[in-house]
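To keep things clear, I will list the structure first and then write my remarks on it.
Every number for a ligand or one of its atoms is a count from 1 in the order of the listing. Numbering of residues begins at 1 and proceeds along the displayed sequence. Just so it is clear, the model here is predicted, and its values are computed rather than measured.
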Amino acid sequence: MEFIIIILLPVLLLMAGSGILVVSQVTGFMQSSSLNQRQQISNGIIQQYMVQIAMAQSQLFQRSRELEALSSKLALSNQELAGLNEMKTKFLSMVVHDVRTPLASIRGFSEMLIKKMPGEKEAVYLKNIVSSTDQLGRLISDLTDLAMIEAGKLKMEKTQIDFVDVARDIVPGISINAQKRGVEFTVQPYPGTMLMGGDRFRLSQVLMNLLNNAIKFTPAGKRVDLTLRAEGRMLCAYVKDSGIGIHPSETKKIFEKFYQAKHQKDEKLRKQGWGLGLSIATEIIRSHKGEIGASSPGLGKGSTFYFRVPVNS
Ligand code: ADP
């Protein structure tokens, strides 16, 4: 019995060991083959990505070349546009200059004829000629200002001025205009003085524009009121009217050049202007480092236009 154990035990152990070896070899082989498979799959995915990246790169390159071509085209058209713009400005100032002189003589001769006591009809016709030449004159000076603004040549000639004097100078003319149209024009008591550094002619142009607009857009029987006051270091002018008002969506747009309020239905009033006055006023006030604006409770409810300029602009 002992003999059998001595002989068989090592044989049995040998067989068990070789069995374990075979099993471990087989599982090892299976594991390594599944690892290989996974690696192959990830290699495949990486390759796919690399192909996609290469394609994207070539597309990017193509697009950037297209962009380069487009931007050089754009630069060329910008150059052309700048040239055309300069031509337009030159043409505008030439036309304006050439029209101004004959216009002045038409106006002068018409006024002379009015003084010669013509018949009633003729006097009406002559007055029409005078008012039409005035309208054209205003358009021409607005266009001149516009051309200067666009060419960056609207220069302010600033001196020490008293803004109360500026207002006092223009109020009589405005009162006559208001009277003619049946609008009641009032001026709140002036502050003592409003000394400031500014362009007298240009600032009075702004105030006149706001007052004349207020009278134009206010029906007979209603009111326009002017208030001047100092607020801290600012000089403020408020022109309040009880006229046709402005739609809330347009209180900013009316300061753009050639913009006339679309919600206002009065065609006749629209034809009396070109939508330039407020854009020019904006430029003048900007040159004085100030601000200009309008507010209105709505159509038919009047409006208030204002500007503020620092006393030492
Ligand atoms: P214009 O009066 O010659 O059309 P403006 O630039 O002075 O040009 O004004 C632009 C527009 O703003 C006017 O056409 C009008 O629609 C609107 N507007 C200006 N002032 C008033 C006002 N006091 N009340 C109502 N609308 C106004």
Review point. Any heavy atom of F255 sitting closer than 4.0 Å to ligand 1?
Key: no
request  = Could you tell me how the ring of H247 sits relative to the ring of H263: parallel (under 30°), tilted (30 to 60°) or perpendicular (over 60°)?
outcome  = parallel
Note to self: Is there a path of hydrophobic side-chain contacts, each under 4.5 Å between heavy atoms, that joins V187 and V164?
What the structure shows: yes
Contact with ligand 1 for G245, non-hydrogen, under 4.0 angstrom
yes
Below 3.5 angstrom, do we get any N/O pair linking G275 and ligand 1?
-> yes
* Asked: Could a heavy atom of S303 be found less than 4.0 Å from some atom of ligand 1?
  -> yes
**Message:** Please determine whether any non-hydrogen atom of K216 lies less than 4.0 Å from an atom of ligand 1.
**Reply:** yes
query = Can a salt bridge be assigned to the pair D145 and R202 using a cut-off of 4.0 Å between side-chain N and carboxylate O?
reply = yes
Under 3.5 Å: N/O of S279 near N/O of ligand 1: no
The closest protein heavy-atom partner of atom 17 (C) of ligand 1 is I254 CG2, 3.8 Å
Of L210, L276, N213, I215, the residue with the heavy atom nearest atom 19 (C) of ligand 1 is N213
Ligand 1 atoms nearer than 4.0 angstrom to some heavy atom of Y259 are 10 (C), 11 (C)
